[in-house]
Amino acid sequence: MVASRAHRKFGINKNMMTKRDDGRREAVEKQIDENLRRVYEQDATEQIPDRFLELLKKLREQE
């Protein structure tokens with residue numbers, strides 16, 4: 001309702017709002033994708049600490 005009043009008051013075309021919002025949404029999604037990819041690549045290259053390997057070994061022995 002507020003948005004429709006703004007559209008009337010300022011002459012904002014609803015299509016203009018959605019195109020701009022879509023552009024922002026796409027930019028945000030692209031940035032999130034890039035950040036997730038960066039974190040995944042960092043994790044994939046890091047070695048697993050010895051203490052975690054020891055815990056995994058103990059868990060496997062319990063099975």
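Here, residue 1 is the first one in the sequence, and each next residue gets the next number.
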By side-chain hydrogen bond (donor to acceptor under 3.5 Å, both in side chains), Arg38 pairs with (sequence neighbours left out) Asn35
For Val28, the hydrophobic cluster (side chain heavy atoms closer than 4.5 Å, chained through members) also holds Ile32, Leu36
In short, salt bridge (charged side-chain N to carboxylate O under 4.0 Å, His left out) pairs touching residues 23-35 with sequence neighbours left out are Asp22-Arg25
Glu61 atom CD, over 12 foreign heavy atoms within 6.0 Å | yes
Without placing hydrogens or testing angles, list every side-chain donor-acceptor pair under 3.5 Å for residues 47-59, not counting sequence neighbours.
none

